[in-house]
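The block underneath contains the structure these notes are about, expressed in structure tokens.
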2 protein chains.
Amino acid sequence: MEKEKTDKKDHILDVAEKVFSDLGFDGASTRMISGEAGVNMAMLNYYFGSKEGLFLAVFERKISSFQTLLQNIGNEGISSWEKLEKCIDKYVDRIIVNNCFQKLINREISISKRTDLSDKITEILMTNVLEFKKIFDEGIKSGSFHKDTDTQLLIATVFGTKNYIINAPQIASLLLGHDIRDEKFLEEKLKPRMKKYMKRLLKAYLMNDDDNEK
Amino acid sequence: MEKEKTDKKDHILDVAEKVFSDLGFDGASTRMISGEAGVNMAMLNYYFGSKEGLFLAVFERKISSFQTLLQNIGNEGISSWEKLEKCIDKYVDRIIVNNCFQKLINREISISKRTDLSDKITEILMTNVLEFKKIFDEGIKSGSFHKDTDTQLLIATVFGTKNYIINAPQIASLLLGHDIRDEKFLEEKLKPRMKKYMKRLLKAYLMNDDDNEK
DNA sequence: CCAATCCAATCAATCGATTGATTAATTTTG
DNA sequence: CAAAATTAATCAATCGATTGATTGGATTGG
């Protein structure tokens, strides 16, 4: 029976994630979510306290597993560049699977007013950001990366490039000549292509011939 | 008195643009907009028919100024790299001035419904996208840019890096150690820094030493 | 005077949240 | 073990607040 409970909560979270992703936080109503999940409205507040609590629960469930993923890479005994390559691989894999959730994040983070909620989102996202930054800084310190690297804007590039493709699918589809939402294209074509591209871009910027390496 | 009317409508549109940008379409209420604009609620429907009509009016007013930002540069008699540098300058200048409207665009384009609107947004955004693409392709053809450049993903990087900073100001502020919304910081620090960074990033990627230039 | 402009008041609908009652499951107790 | 007591889970009903929208009358200017 313990299992039942967890399953039900998980099911609510699944539905909530879908509805929030499609309609945004404000656009989604608790009635809609509870209705689609087949549970009573009061259950949402019973389980998650509030609409905001539900949203955060959706958020934290998705994000936590990725956090530890990046953190482990950061602690491995490999070169900074190798760490970076691994992070890119994991990151590209991740975001392409969960692209509807990513869209949700990017939409809600751009809302300025909802401070309590967006503060929490920011805090969670920052851990991933800082994990990348740590690797950049470490690489600069060890001399393997260009020493006047703008790590902060480079992070904007890493996350921004991905966001652009996921968040503006109409434009990305026109640009790439394929429907972005085609799973097969994403998995077989875009994923390896993005990995290769990001690595080449970062390598060119971090390790060009001005003062080190080759 | 015609003037009065136009001024008032324009003022409403100014406020609406700001509020929609901060809170999103669903998050913004017509009361809030009318209150902040100092007009009666009923005036919004009187002038614009509905909330959605107001939203569309905000867009259409801005739309015209958006086209042909980069088009002249493409036809100048200078090298591809020089064109690219000019485009970056113009682009960075531009987005920092209108960043709240940019936020609005980037948020609404990620919403799957409201197709009539997002089609229009897509069309407008594509003109700038294609201008960059034209320069990239031209540079590759002439041999000044690396020949296996992924121009399409590079465009995602150019626009995505900017979007990330504008759209996730909380994260960008934490990352940069300054409040992104500080006009002085934007103008005096971030703008030149972004220009320099983007040029160095593109140059490293487009003109590294694998097979051409230096 | 009349059409355009404006506004206070109000509309039905929906929002998130809470209530008290009821059932199911678990724990305690004799 | 079984009855009693307690806790957890679920429900229908409804709360006050707010939403976008509309009305009918006041005000204005030509």
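Per chain, numbering begins at 1; letters A, B, ... match sequence-line order.
Put simply, B:Lys8 has a side-chain N or O that comes within less than 4.0 Å of OP1 or OP2 on C:dC6. A sub-4.0 Å separation between OP1 or OP2 of D:dA8 and a side-chain N or O of A:Tyr47 is absent.
By the 30° and 60° cut-offs, the orientation of the rings of B:Phe185 relative to B:His178 is parallel.
If you take CE of B:Met43 and P of D:dA21, they are 15 Å apart, rounded to a whole angstrom. What separates CZ of A:Phe48 from P of D:dA9 is a distance of 12 Å, to the nearest Å. Between the NE2 atom of B:His11 and the P atom of C:dT5 there is a distance of 18 Å, given to the nearest Å. Between the P atom of C:dC6 and the OH atom of B:Tyr46 lies a distance of 7 Å, rounded to the nearest Å. Rounded to a whole Å, the CE atom of B:Met32 is 14 Å from the C1' atom of D:dA17. Whole-Å rounding puts the A:Leu23 CG to C:dT14 P distance at 15 Å. One atom, CZ of A:Arg31, and another, C1' of D:dC11, lie 14 Å apart when rounded to the nearest Å.
With 3.5 Å as the limit, one finds a donor-acceptor pair spanning the side chains of A:Thr161 and B:Thr157. Defined by atom type and a distance below 3.5 Å, a donor-acceptor pair is missing between the side-chain atoms of A:Thr149 and A:Thr151. Counting only N and O atoms by type, the side chains of B:Gln102 and B:Arg107 include no donor and acceptor under 3.5 Å apart.
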Please write out the pairs of protein N or O atoms and N or O atoms of nucleotides 18-23 of chain C separated by less than 3.5 Å, giving the distance to one decimal.
none

Going through the distances and angles, do B:Phe145 and B:Tyr205 end up as a ring-ring contact (aromatic ring centres under 6.0 Å, His included)? CA-CA 9 Å; B:Phe145 295 163; B:Tyr205 179 76; 9.9 Å; no

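Cation-pi geometry between B:Lys9 and B:Phe48 is met: under 6.0 angstrom from the ring centre, within 45 degrees of the axis.
Nearest-nucleotide mapping onto DNA chain D: of B:Ala28 and A:Val39, the residue sitting toward the 5' end is A:Val39.
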